[in-house]
Amino acid sequence: MSSENDAGGLNLEATELTLGLPGNSKVTPDGGAKLGSKRGFLETVNLNLCDKDCGESQHEDAKSPVSKAQVVGWPPVRAFRKNATKNCKYVKVAVDGAPFLRKVDLEMYNTYQQLSSSLEQMFSCFTIRNYLNEKKIIDQANGMEYVAAYEDKDGDWMLVGDVPWQMFVESCRRLRLMKSSEAIGLAARTTPKSSSTT
Amino acid sequence: MSWGSRKTINMNYFPDEVLEHVFDFITSHKDRNSVSLVCKSWYKIERYSRQRVFIGNCYSISPERLIARFPGLKSLTLKGKPHFADFNLVPYNWGGFVDPWIKALAESRIGLEELKLKRMMVSDDSLELLSKSFVNFKSLVLVSCEGFSTDGLAAIAANCRFLRELDLQENDVDDHRSHWLSCFHESCTSLVSLNFACLRGEINFVALERLVARSPNLKSLKLNRSVPLDTLQKLLIQAPQLVDLGIGSYVHDPYSETYEKLKSAIQRCKSIRSLSGFLEVAPRCMSAIYPICANLTFLNLSYALGLHGNELTKLIQHCRKLQRLWILDCIGDKGLGVVASTCKELQELRVFPSDPYGAENAAVTEEGLVLISAGCPKLNSLLYFCQQMTNAALITVAKNCPNFIRFRLATFDPIKPDPVTNQPLDEGFGAIVQSCKGLKRLSLSGLLTDQVFLYIGMYAEQLEMLSIAFAGDSDKGMLYVLNGCKKLRKLEIRDCPFGNAALLEDVGKYETMRSLWMSSCEVTLGGCKTLAEKMPSLSVEIIDESEQMMDFSFDDRQKVERMYLYRTLVGHRNDAPDCVWIL
């Protein structure tokens, strides 16, 4: 996928922004808005994929970081239409206990690792252990463990991470971060599914 | 005609029935609103005779007051979320719930027949209540709504015995495999319009065929992706009277019998004027469509990803009577040239990006737009996603097409200057607003300074809706617009350096508008609070999903992430989620 210097040669690495919508106090842009100057386009660039290590990654097999640098909501195309055109797959993400839903575009990511980094940034009270294929998400505040699950095409809830990434993208209809205790009984799909569901 | 002139007969000498009959001929919402303001007696007559009501912001009025004022209400249009919700700038659960409206209407004596909703949250329960509460319910149109599933559609199908119209446009519908199409009664023969193109799931083909077969008045049919070609062919045989057709899947073997049957079925459909869909399309199979192209006035290929190059242009070359064209940018500048030389009656053009994030290779440029403007002088409505734009092109377009009512441009890089001169696009857009005296809606894009807003304030006298992103240098920009555009109703701004000074200069202005949206600008919480204090007739919402909203740890000097304000007659809404703070 393309390099970090996409979107017209902007130095995106320097800004290293999160998924948060512009104005989020966690964002600390490099070229901050000076008095009277235009609110930087740079400040709203949305590096969806860059987890904190990508700039100086020494691991050969670390996933290639950024596929596209995006400005949230630009170009102004309706989500419905984006979904219908290629390379876009918006799914709703719900977190048990959080009062709001978000939508993510699964086509923006290449691996489960990238997805989980992004989810961490979106639902900021959780942190993700930085291991490959780690499926658990820990809430730092209260030590609750969360598990990522998804509803597939057939309406069944499965654990995230058990099928090849592309197959997951293809069949995922929505995501849910649920408390570990509730995830008991979710089938990990290894071989052809049994017809019984939980 | 001057109502107040002493030379005219005093209309109040006529009995109410006569006035009512006169008012029957006044159908536009604006005109009826004006009529109701003339005097008390006209207000009274108008309100009892009003059947159609349009509410542009569902939070500006309550269902109770609507019902109290218009007891004869038959047709209601409601809009919920602000426009920028389309681009993921508004939280999912922000609001716009139709439930309280349907509940209140159901409990009243209103004989609702038509309901049209845009950007609202709709639940299956409310659809079921709707379907059971109004005996004469005829028409349901849902545009960009979500929160419901095919179960809700099943209730509508099952209970609305006289349904004429079920029109689902670009909604996010959960598929529960409800066989909703089979829920239409055998005795339901009244359908005129059925559009389920946005549904993702499978439907029952046999039920669909039988429904179409028993609907002699069916004029508009738009299928979803799951409907294959041989079903399409059967449907067309049953409904040769169709005026508006949306094809689902158009994938077939050109040597098959089905294809032959389709060709002859299409040829019998002599009334089709509007064609859309092609959600799945195999290339090199479009010749079957040519017979209906000659009479088409509306062609929507904006979801037809499989169509490009020669196939696309050859199809368009058959469409000489086209008035509205929605297309993907893979048509290219050359393809737009073909449109320009073929479609002399063209009034509306929309060019959408085929890559949702704007690929550099597939796009159109200013050249395509210039060709269109030269070939299609009747053009009055434009939505154009492009890779780049120049001032020279915009100036030419402005000269060629002075009739624009809607002009919306979006460059993939939102602050891209004129690539030839490296200048901002101020002069180009300035030419547009100066030339197009009837311009009502404008969306800007590209590198823009305060200058463009000076032009807009000066020339855009009829402007009602303005969308601005990543533009301007200072508060002056916003002030030019607020001071100059007297007819402004909706203003939406993102990522511009406009702050409290601009926001607070003329607070009374917002009472003359429907709404103002500002996100990622320089306005602070303190500024918003001041505004809310001064203008109790406005609802000023702060939308913020960060942790600070949970803790209320906000400082007045902090910039607000998103602010949405609107005039309202009923005070603050009580259904806002935690991420919304109403000042």
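Within the 4.5 Å cutoff, the side chain of B:F385 has heavy atoms near those of the A:P76 side chain. Side-chain atoms of A:K92 and B:E146, non-hydrogen and from C-beta on, do get closer than 4.5 Å to each other.
In this structure, chain A has no heavy atom under 4.5 Å from any part of B:R225. Only the side chain of B:F352 comes within less than 4.5 Å of a heavy atom of chain A; its backbone N, CA, C and O stay farther away.
What you find for A:W74 and B:F470 is that their closest heavy atoms are CE3-CE1, 4.5 Å. The shortest heavy-atom contact between B:L305 and A:A84 is CD1-O, 3.3 Å.
Note that CD of B:E170 and CZ of A:R78 are 5.0 Å apart. Values are rounded to the nearest 0.5 Å. Here CZ of B:R200 is found 7.0 Å from CG of A:N83. Values are rounded to the nearest 0.5 Å.
Ranked by heavy-atom pairs shorter than 4.5 Å toward chain A, the options B:D175, B:N171, B:L383 are led by B:N171. Contact count versus chain A (heavy atoms, under 4.5 Å) is highest, among B:L279, B:T411, B:L328, B:D475, for B:T411. Heavy-atom pairs under 4.5 Å with chain A peak, among B:C198, B:S519, B:A85, at B:C198.
The side-chain hydrogen bond (donor to acceptor under 3.5 Å, both in side chains) search around B:H83 returns B:E492, not counting sequence neighbours.
Taking 4.0 Å as the cut-off between side-chain N and carboxylate O, B:D174 and A:R174 count as a salt-bridged pair.
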